[in-house]
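Note sheet for the following structure.
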Amino acid sequence: MDLRFTPEETAFRQEVRAFFRSEIPEEIRRKVSEGRSLAREDYVTSQRILNAKGWAVPHWPKEWGGQEWDPIRRYIFMEELMQAAVPLPLQFNCFMVGPVIAAFGNEAQKARFLPRIANLDDWWCQGFSEPGAGSDLASLKTRAVRDGDHYIVDGQKTWTTLGQYADWIFCLVRTDPTAKKQAGISFLLIDMKSPGISVRPIITIDGRHEVNEVFFDSVRVPAENLVGEENKGWDYAKFLLANERTGIARIGLTKERVARVKRLARETPAGAGTMWDDADFRARVATIEIELKALEITQMRVVAAQSRRDASKPDPASSILKIKGSELQQAATELLVELAGPLSLPAPVANDVDALGWEAFAAPTYLNTRKVSIYGGSNEIQRNVIAKAILGL
Amino acid sequence: MDFDLTDEQSLLKDSVTRWAASRYGSLEQVEAARRKPLGFDEGAWAQLAELGLLGLPFAEEDGGFGGGPVETLIAVEALGRHLAPEPYLASVVLGGGALRLAGSAAQREALIPGIAEGSHRLALAHGERQARYDRFDVATTARRDGGGWRLDGAKCVVLNADAAQTLVVSARTAGGRRDADGISLFLVPADAPGLTLKPYPTQDGGRAADLVLEGVALPADALLGEADAGLPVIERVLDEGIAALSAEAVGVMEALHALTVDYLKTRKQFGTAIGGFQALQHRAVDMFVALEQARSMALYATMMAGSADAAERGPAVSAAKVQVNRAARFVGQEAVQLHGGIGMTLEYLGAHLFRRLTTIEYLFGDTPHHLRRVSDAGGLLGAA
Ligand SMILES: Cc1cc2nc3c(=O)[nH]c(=O)nc-3n(C[C@H](O)[C@H](O)[C@H](O)COP(=O)(O)OP(=O)(O)OC[C@H]3O[C@@H](n4cnc5c(N)ncnc54)[C@H](O)[C@@H]3O)c2cc1C
Ligand SMILES: Cc1cc2nc3c(=O)[nH]c(=O)nc-3n(C[C@H](O)[C@H](O)[C@H](O)COP(=O)(O)OP(=O)(O)OC[C@H]3O[C@@H](n4cnc5c(N)ncnc54)[C@H](O)[C@@H]3O)c2cc1C
């Protein structure tokens, strides 16, 4: 047993750290770090730099650009990426639809989509949730009816993150209304420019446009855009959600935030000194750091176990990472608002955004981060998973 | 980075686990041992010697088995899971730790073979009433007296002092009561004239004693380690103690959580197993999460406790104690609640596990104490 990293792993960490800090534009990283809005081009610029280096999709199969890193290297890579405040490679592309197409798509689909997904030539969004299908995703109603070599899609998706930027949407649709819930679902790739699609923005709690409703009115989708087999979509969705869950602790992100809180606290006046002189504030920071250290080791334990188990099945232990990881992300943003104090009140408005200090973005970041215990399988759903799969209740 | 045990470590784990499970498979067996005069059974101590556990952390050339912190973790976690009442922590980890880290060749040669074969036990007499958890706060004095030493003062809550043949006693040879420098360690025979023990049972079913030292005369070679430089040794021993205690706590919490989940599956109310109620399921899950987080920090403490660098070791070990303390309280309280009335009685194993967890919380520093140690050191992460 040895919790230290090997010299090779440490050298790898140095290499990726140096790359992120020297190659990804400072201005983009500052926006991420301070919780400012990113423009579409910021995501694209950053991901293309990574892709040119071969690092946008290191976890993919080798023939589609994967690096064949072991789980520890993948972990180090993501951790350093987040700590350097580099925008995550677009989740919907790199961690969701890409791996599904690589695993279950046909050769034509792989050749057509995967390189464009990796390079963010196509922006993808996720069309799973519906007004009536949230945690109980399998109750979704959006229909796809076969008509010659097309499907006709009718229905509505919602909470579609950054759908306003998207070129494509991957959807779960019901193809067999007579089958039992999970059995009649298919995985369909739909061009967002198709006639019959309309997008309505939803403004989230932080005042920004992050999610959307997407309506489908007799949208014709070529049948060749079906992934895998008809009515097997639920299996692919489970595969996708399992991938989503392992990366979700976002420990690097929380580390970056806490480290920033510590730096800013030393610059934030309070009483006769700064916030860092306040023992009570320091103790709250330390409490989060301790729990975060514990989670980091828990994550390494899950990662180490991963190399020894069947990777296609979700590890119920990863639900611990989701629960704790989301709680700590949220706790770190609470510290930020506390630190900003009264200066957290002014709301950022469009024309003076660049002039505002970090304090103006503390509350929006806090408010926005409430989402992390809701999506990706809500924390209650994660508790159900552990109760059933691990405790046998 | 790997979490695997070596073959020898796996063997050790199997043998301790098997021994503890058969020797203390039921609460009655634990209670029977606790009723003995010293709070444990001498026969069981001899069996621990045969298993190689008593000499585990000592170097092979001293008559030990050359185990490190991981071996100690394996042993105490398994013993903790079954509430084994033997003074392993007091004698092998604490007393033995001081001897291992500070003892001269002659001292190690004189004591370790007896410790390893089970005929000799140690205890660490360091804490004093006014000190609370401050390790540097020592009022007991040791004065040079002819060629030897003379000790005066008092020590409190010395774990398993009544079972020890030799006590490792800290005393001030220079400086004021709260100075870091000027503390020394001494090997004091339990039957030394002028030493009085007042033994008593503790909240968790274990034993401890208060000590009074009145003109205890010791030869020159009773000094353990360098004069005036005892604090770094004490710091290290107590940090190793915290690592071991964290591992024990994990064993205890694991047992208590398993007991609770089992109870949820079998207890029926409203015509159904109460484990079917989601309100209880989620609480059992939160206990599990707390246990796993504590396990991670017990591993962290184990890795860091061996470091001689106090600046690196101290905050890490304190961080572990904070996490373990919080988990111990949470898991203990929830377990009692989820059991309903039965959780409140000493007829039930769960209550004993909760009592041990509660004791662990207050041994070697409570949560606010260790949280302060972490935050005074600037936390665990650098500032960006
Ligand atoms: C900011 C944001 C972005 C999102 N982006 C996307 C996206 O891009 N694409 C997409 O498809 N979806 C997206 N989602 C949707 C997300 O996946 C859902 O919000 C999530 O699945 C929860 O569904 P719901 O909101 O309908 O809540 P509900 O399922 O209605 O849940 C309401 C409450 O009940 C609890 N609950 C539900 N079932 C149980 C149960 N069995 N036991 C105990 N408690 C239960 C939940 O935990 C929650 O607290 C996003 C959501 C948010 C907030
Ligand atoms: C110190 C003490 C003194 C007492 N004195 C008396 C006395 O003098 N006279 C007397 O008659 N009784 C007495 N009681 C008994 C007391 O009323 C019961 O302990 C109490 O009703 C709970 O019942 P139980 O212990 O069987 O637990 P259970 O009912 O088995 O409950 C076990 C756990 O399951 C939970 N639970 C049960 N049902 C549900 C549900 N539907 N949904 C969610 N959670 C549920 C409970 O909250 C508890 O956490 C005493 C108890 C104690 C501890």
Side-chain angles (χ1 to χ4, degrees), chain A residues 1-6 9 33 72 75 83 85 255-266 276 279-305 317 319-320 323-324 379-380 382-388 390-393, chain B residues 1-6 9 69-70 73 257-258 260-261 264-265 273 275-278 280-289 292-300 302-304 315-316 318-323 326-327 367-368 370-384:
Chain A
M1 183 160 13
D2 192 346
L3 299 195
R4 284 165 309 188
F5 290 99
T6 63
E9 287 162 351
S33 176
I72 307 240
Y75 170 76
Q83 283 193 260
K255 271 192 181 173
E256 195 271 339
R257 280 202 186 120
V258 172
R260 206 157 59 84
V261 163
K262 290 172 78 168
R263 174 172 62 75
L264 293 170
R266 292 182 169 90
W276 195 244
D280 192 43
F281 184 78
R282 282 204 313 269
R284 282 202 299 281
V285 175
T287 303
I288 292 174
E289 289 184 284
I290 292 168
E291 187 98 44
L292 193 60
K293 174 51 90 177
L295 188 64
E296 191 178 11
I297 298 169
T298 304
Q299 163 122 13
M300 295 315 304
R301 288 168 50 207
V302 173
V303 166
S319 292
I320 299 179
I323 294 172
K324 270 292 152 196
N379 286 15
E380 288 72 32
Q382 305 297 342
R383 286 185 171 88
N384 292 348
V385 168
I386 296 177
K388 192 156 168 260
I390 300 181
L391 307 186
L393 288 169
Chain B
M1 173 87 55
D2 85 85
F3 295 90
D4 298 335
L5 300 181
T6 63
Q9 288 168 341
V70 175
L73 168 130
H257 184 252
T260 306
V261 170
L264 293 179
K265 288 176 185 168
F277 300 129
Q278 196 184 52
L280 303 186
Q281 290 176 354
H282 284 196
R283 291 171 76 163
V285 167
D286 288 341
M287 290 166 72
F288 174 72
V289 172
E292 292 306 322
Q293 287 282 82
R295 190 193 304 280
S296 291
M297 286 308 261
L299 291 172
Y300 184 53
T302 301
M303 290 301 136
M304 302 301 283
S318 285
K321 190 65 169 42
V322 168
Q323 191 75 25
R326 290 218 158 109
T367 305
H370 284 289
L371 189 55
R372 208 173 313 117
R373 270 190 20 144
V374 175
S375 77
D376 284 352
L380 295 177
L381 298 169

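In the text below, chain A, chain B and the rest are named by the order of the sequence lines, each starting its count at 1. Note that the coordinates shown come from a computational prediction; the quantities given were computed from them, not determined experimentally. We use all heavy atoms of the structure for the numbers below, so side chains are in, but hydrogens, waters and symmetry mates are not.
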Do you see a donor-acceptor pair shorter than 3.5 Å between the side chains of Gln278(B) and Asn384(A)? yes
Please identify, among [options], the residue contributing the most non-hydrogen atom pairs under 4.5 Å to chain B.
options                         : value
Ile323(A), Thr287(A), Val303(A) : Thr287(A)
Ala305(A), Ala304(A), Ala283(A) : Ala283(A)
Ile320(A), Val285(A), Leu292(A) : Ile320(A)

Report yes if some heavy atom in the side chain of [X] is under 4.5 Å from a heavy atom in the side chain of [Y]; otherwise report no.
X         : Y         : value
Leu391(A) : His257(B) : yes
Glu289(A) : Lys255(A) : no
Glu291(A) : Lys324(A) : yes
Ser33(A)  : Arg260(A) : yes

Could you tell me which of [options] has the largest number of non-hydrogen atom pairs under 4.5 Å with chain A?
options                                    : value
Leu371(B), Val374(B), Val322(B), Thr367(B) : Leu371(B)
Arg372(B), Gln293(B), Met297(B)            : Gln293(B)
Asp286(B), Val70(B), Val285(B)             : Val285(B)

May I have the step-by-step check of side-chain contact (heavy atoms from CB on, under 4.5 Å) for Met300(A) and Phe3(B), ending in yes or no? CA-CA 9 Å; Met300(A) 295 315 304; Phe3(B) 295 90; 3.7 Å; yes
Between Ser296(B) and Ala294(A), what is the shortest heavy-atom contact and its length?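 The answer is CB-O, 3.4 Å.
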Please classify the contact between [X] and chain B as side chain, backbone, both or neither, with a heavy-atom cut-off of under 4.5 Å.
X         : value
Glu296(A) : neither
Arg301(A) : both
Ile72(A)  : side chain

